[in-house]
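Below: one structure, written as structure tokens.
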Amino acid sequence: MTSMSRYSATEIEAKWQEAWDKAETFKAIRDASKPKYYVLEMFPYPSGKLHMGHVRNYTMGDVIARYKISTGHNVLHPMGFDAFGMPAENAAMAIGGHPKEWTYSNIDTMVEQMKPLGLSLDWSRMFATCDPEYYGQQQALFLDFLKEGLVYRKNAVVNWDPVDMTVLANEQVEGGRGWRSGALVERRELTQWFFKISDYSEELLDALDTLDNWPAKVRLMQENWIGKSRGLQFAFERTDGAEPISVYTTRPDTLMGASFVGISPDHPISKELEEGNPELAAFLAECRKGGTTEEAIETAPKLGYDTGITVKHPLNPDWELPVWIANFILMDYGTGAIFACPAHDQRDLDFCRKYDLPVIDTFFDLEEPKPVETEAFVPPKEQKVKWINHFAGLDEATGQDAIDATIDFAETAGWGEGVTKFRLRDWGLSRQRYWGCPIPVVHCDTCGVVPEKKENLPIELPDDVSFDKPGNPLDRHPTWRDCACPSCGAPAKRETDTMDTFVDSSWYFARFTAPRAETPTVAEDAEYWMNVDQYIGGIEHAILHLLYSRFFARAMHICSHLPESAKEPFDALFTQGMVTHAIYQTTGGNGRPVYHYPADVEDRDGKTVLKASGEEVQVIPSAKMSKSKNNVVDPVDIISAYGADTARWFVLSDSPPERDVEWTASGADAAFKHLNRVWNLCDKIGAMDPDANGQGDEDLLREMHKAIRDVTLGVESFGFNASIAKLYAFTNTLAKSKAGAAAQKQAIMTLAQLMSPMTPHLAEDIWAHQGGEGLVINAPWPVADEAMLVEAEVTMPIQINGKRRAEISVPKDMPKEEVEKLVLAHEAVTSRLEGAQPKKLIVVPGRIVNVVI
RNA sequence: GCCCGCGUGGUGGAAUGGUAGACACAAGAGACUUAAAAUCUCUGGGCCGGAAGGCCGUGCCGGUUCGAGUCCGGCCGCGGGUACCA
């Protein structure tokens, strides 16, 4: 074949990107005459390089954005950077330099890597959260929240490294030790700032029901995280007459199985007793070892200390229970004190066996009643059980009925009260770190904690800081802390804590609607563009980021920064799977693991080795691509070898978007071959005599309409891989078609339109080559003709006892009775029936027939 | 530990409770070519069989159903989150 031209991705991609730029195709301008559509992908952390996870995420968003443009929407599709955070400080410590330079240089690199992808982004709206213009507005929000009582201070525990004398993030604690010093980590209390998210527990929970276009699993995770429970709160009288101990329990029905009263090591009684008791002080110090994570606390070996205090059982004043301090009781939840029922709680049972405390059964299984030995009996709350001496007179009842009865009983008797509690805790936002948004308050000796004046915002981070010592450089900066008290004018000190980076990402979506405004948002812009119609991001953000953003939208509404309608800011959510890759690890001189990039590793003689040194590396199976593990693949290599359209086509094609995808090098090549095929097909059709007739025009057009239907359905339901499979099939059909020139031209132009969300550059080129009007991105999306989709004949498999044995072809709307007759006359059926009648005959019209014999 | 997912050929995966393996990758065979590349055509879950056909098969065990990859219960394995990684 003499080819007029060759597929050159580099050439056409640059050409069409320039055309879109020139036409300002993706610039979002408010236009009340068009329906708006806001599509947003979770913005990236500027780790340094773009990785395949980013490409996958942004390509998915781009498919949606371009499809919505083609269906007549006014699309907002912005991009920015979540730019504060620890890696910048770690880089400064490891290789020198400044977090700011490191971050902005990474942003430049990543933008350079993103642009060639041809994403339909409005780059004019870009910002980074470390821009003073952004974090200054965040400080203004903080001050508004403070005024509304949405922020407050209280004590909270942090990971403390006693050697480096610094606070550690959970990620910096490895096996209970500080990652740099190797010292055993302790828990220590600091005064911290908190957002009052717990005031919104009920609302955040109830509103989950309105999020119809969120994945059910995300709603369920948030529901469990908020953790609404109804239980009984009551107090145990102390035998020494001191202040009673208040407890909260979700299983008051098991009160007759109480073994001891347990209090948290952080409970006021623990602290009071610690004074002048070196033995207890040592015990509490032991309890405070280890990190603050829920996992560390839950999995730590159970430790207990008998305080010697005793309390009276509320139902029997002669029954005395000991009070123990137990390390698994959290001060943050309930009252920081519990009663233990070892027969029906595994943790309590383990504790009682260890410290030789009594185990008392309160109910048995209906089928096999037997006392608890080493395994606690914890049936579901809906299961009926047999009660032993229940004080409210229950015999056989479910746990839930018993709980309700017990609460009623206690309320009537007046010694307890039914209480609803939530697991959700207030959101601690203070971080003892430099590279974050400064908290805009001042500490004054006379006025106390004073909010900064709005006209002094932004409170900018100082540039002259060093990272040669552990700890927060703002603390040891010679002058930055010094300021005048905004209230009395006397010399005062700035707050040196900065904000959690989750604050930065909790409102960026609102800022995109007016990114250069001198207020956090602008009413008209927020009214027009909010909500985010489609939010796309990783499942790892299912709880924290999304819950914090939901809270922030409410708080911003209270302060008039968002309309009421934006209280739930994300109308639809899609959680994509992660891009995973094997991890390559060697051991460094200090015995710690060193991670290597896939590009630096190769297979030699059946071993995986470092390219440079030949040293063998350990291959750890697939895990989330992560900057800390270096198991990332550079998409730039793929783009420079094959072009952006190939990279885009490939990341969309193989895996369903919600599932994790393991990156392998093969496959990109195949995607490239296919795009070449489409290109050649376009060339061939373009060279046909326009008046040439052929055979099978209608067959081709029928297939085309089916492709329109299936590809559209795939795009609308995030089945991009299914859309692509259909596009492969339709391309194969077209390549083999002998139809006339007009039909083939119509088919290739429709193919270009259907491909344009995925491979926009190639689609534009085909469109132009076939004489399409304007840009394909602006051409209206094709609509399938229902009449062309109707099939005259259907193939129905015949099952005998559920196994497929034969099939028949029948007219689409043949009546059931006719089908039955045909089936019963079929040789495969008659030979098995041997004259007998079938027991049952099931005909699912247009689907399947099952004969039961 | 707790909460939430996922598990299908050599590989990625497809399948409103209705023909398991669409579409692709890798592989094998063939065509074209002096040859190679490129391109095109064909084959392909396992076992038995020349074929027709049969048996088995969606992590494991059990259940519901005319019919289960799909729904239910119990396991096993892997992944995500676990409030200071983002």
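- The nearest pair of heavy atoms linking A/Ala735 to A/Leu681 is CA-CD1, 3.8 Å.
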Distances under 3.5 Å between protein N/O atoms and the N/O atoms of nucleotides 63-69 of chain B, please, pair by pair.
residue: B/C66; atom: OP1; partner: A/Lys840; partner atom: NZ; Å: 3.3
residue: B/C66; atom: O2'; partner: A/Asn850; partner atom: ND2; Å: 3.0
residue: B/C66; atom: O2; partner: A/Asn850; partner atom: ND2; Å: 2.7

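- Rounded to whole angstrom, the span from the CD atom of A/Gln576 across to the P atom of B/G5 amounts to 19 Å.
- Rounded to an integer number of Å, the gap from A/His541 NE2 to B/C3 P is 23 Å.
- Side chain of A/Ala670, nearest nucleotide from B/A20, B/G13, B/C25: B/C25.
- Relative to the side chain of A/Ala169, the nucleotides B/C85, B/A22, B/C4 differ in distance, and B/C85 lies closest.
- Dashed line: the shortest gap from a side-chain N or O of A/Asn676 to OP1 or OP2 of B/A38 is not under 4.0 Å.
- Side-chain proximity of A/Ile848 to the nucleotides B/G18, B/C84, B/A83 is greatest for B/G18.
- Residues that satisfy the side-chain contact (heavy atoms from CB on, under 4.5 Å) test with A/Asp164, not counting sequence neighbours, are A/Asp161, A/Thr166, A/Arg180, A/Ser181, A/Pro470.
- Residue side chain A/Glu294 reaches the base of B/G1 through a donor-acceptor N/O pair under 3.5 Å, judged by distance alone.
- Closest to the side chain of A/Tyr728, from the set B/C4, B/A83, B/A24, is B/A24.
- In this structure, the side chains of A/Gln346 and A/Val378 stay at 4.5 Å or more apart for every pair of heavy atoms.
- In B/G81 the O4'-C1'-N dihedral to the base is more than 90° from 0, which defines an anti nucleotide.
- The nearest whole Å value for the distance from the OH atom in A/Tyr333 to the C1' atom in B/A83 is 15 Å.
- In the set B/A86, B/C4, B/G7, B/A86 carries the atom at the smallest distance from any side-chain atom of A/Leu544.
- Between A/Lys803 and B/C56, a side-chain N or O to OP1/OP2 separation shorter than 4.0 Å is present.
- Residue-to-nucleotide proximity on RNA chain B shows that, of A/Met86 and A/Leu220, the 5′-proximal contact is made by A/Leu220.
- If you take atom P in B/A26 and the same atom in B/G12, they sit 15 Å apart, rounded to whole Å.
- Shown here for A/Val715 and A/Ser723, the closest heavy-atom pair between the two residues is N-OG, 3.3 Å.
- One C1' atom belongs to B/G69, the other to B/A35, and the distance between them is 48 Å to the nearest Å.
- Checking B/G80, B/A83, B/A86 against the side-chain heavy atoms of A/Met221 singles out B/G80 as nearest.
- The P atoms of B/U65 and B/C72 are separated by 16 Å, rounded to the nearest whole Å.
- If you check distances only, the side chain of A/Gln192 does reach the base of B/C84 with a donor-acceptor pair under 3.5 Å.
- With B/A24, B/C25, B/G1 as the candidates, the nucleotide lying closest to the side chain of A/Thr299 is B/G1.
- The nearest whole Å value for the distance from the CD1 atom in A/Ile297 to the C1' atom in B/A83 is 11 Å.
- Side-chain atoms of A/Gln432 come within donor-acceptor range of the base of B/C84, with a qualifying N/O pair under 3.5 Å.
- Between A/Lys839 and A/Ile853, the shortest heavy-atom contact is NZ-O, 4.2 Å.
- Under the 3.5 Å distance criterion, the side-chain polar atoms of A/Arg187 are left unmatched by any main-chain donor or acceptor of A/Thr292.
- Checking the phosphate oxygens (OP1, OP2) of B/A24, no side-chain nitrogen or oxygen of A/Ser653 falls inside 4.0 Å.
- Here the side chain of A/Asn224 is nearest to one of B/G13, B/A83, B/C4, namely B/C4.
- To the nearest whole angstrom, the two C1' atoms, one in B/A22 and one in B/U58, are 15 Å apart.
- A centroid separation of 6.0 Å or more is found between the aromatic rings of A/Tyr535 and A/Trp214.
- When the C1' atom of B/G81 is taken as reference, atom CZ of A/Phe502 falls 10 Å away, rounded to whole Å.
- Between B/A51 and B/C32, the distance separating the two P atoms is 28 Å to the nearest Å.
- Using modelled atom types, one finds no donor on one side chain facing an acceptor on the other under 3.5 Å when comparing A/Asn680 with A/Tyr7.
- The side chain of A/Arg847 contributes no N or O atom lying less than 4.0 Å from OP1 or OP2 of B/G17.
- When rounded to the nearest whole Å, the span between CG of A/Leu547 and P of B/C4 equals 16 Å.
- B/G13 and B/G9 have their C1' atoms separated by 11 Å, with the value rounded to a whole Å.
- Between A/Arg431 and the phosphate of B/C84, there is a side-chain N or O to OP1/OP2 separation shorter than 4.0 Å.
- One finds no side-chain N or O of A/Arg425 lying less than 4.0 angstrom from the OP1 or OP2 phosphate oxygen of B/C84.
- Contacts of A/Pro656 with the nucleic acid, taken as non-hydrogen atoms under 4.0 Å apart, involve only primed sugar atoms and P, OP1 or OP2.
- Of the C1' atoms belonging to B/C23 and B/A15, the separation is 12 Å, rounded to the nearest Å.
- In the set B/C84, B/U19, B/C85, the nucleotide with an atom closest to the side chain of A/Val158 is B/C84.
- Between A/Thr293 and B/U82 there is no side-chain N or O to OP1 or OP2 distance below 4.0 Å.
- Rounded to a whole angstrom, the distance from the P atom of B/C66 to that of B/C4 is 32 Å.
- Nearest nucleotide to the side chain of A/Arg805, out of B/A86, B/C4, B/G54: B/G54.
- A/Tyr548 and A/Phe195 have their aromatic ring centers separated by at least 6.0 angstrom.
- No engagement by A/Phe328 is indicated, since no non-hydrogen atom pair under 4.0 Å with the nucleic acid exists.
- Formation of a donor-acceptor pair under 3.5 Å by the A/Lys354 side chain with backbone atoms of A/Lys302 is found in this model.
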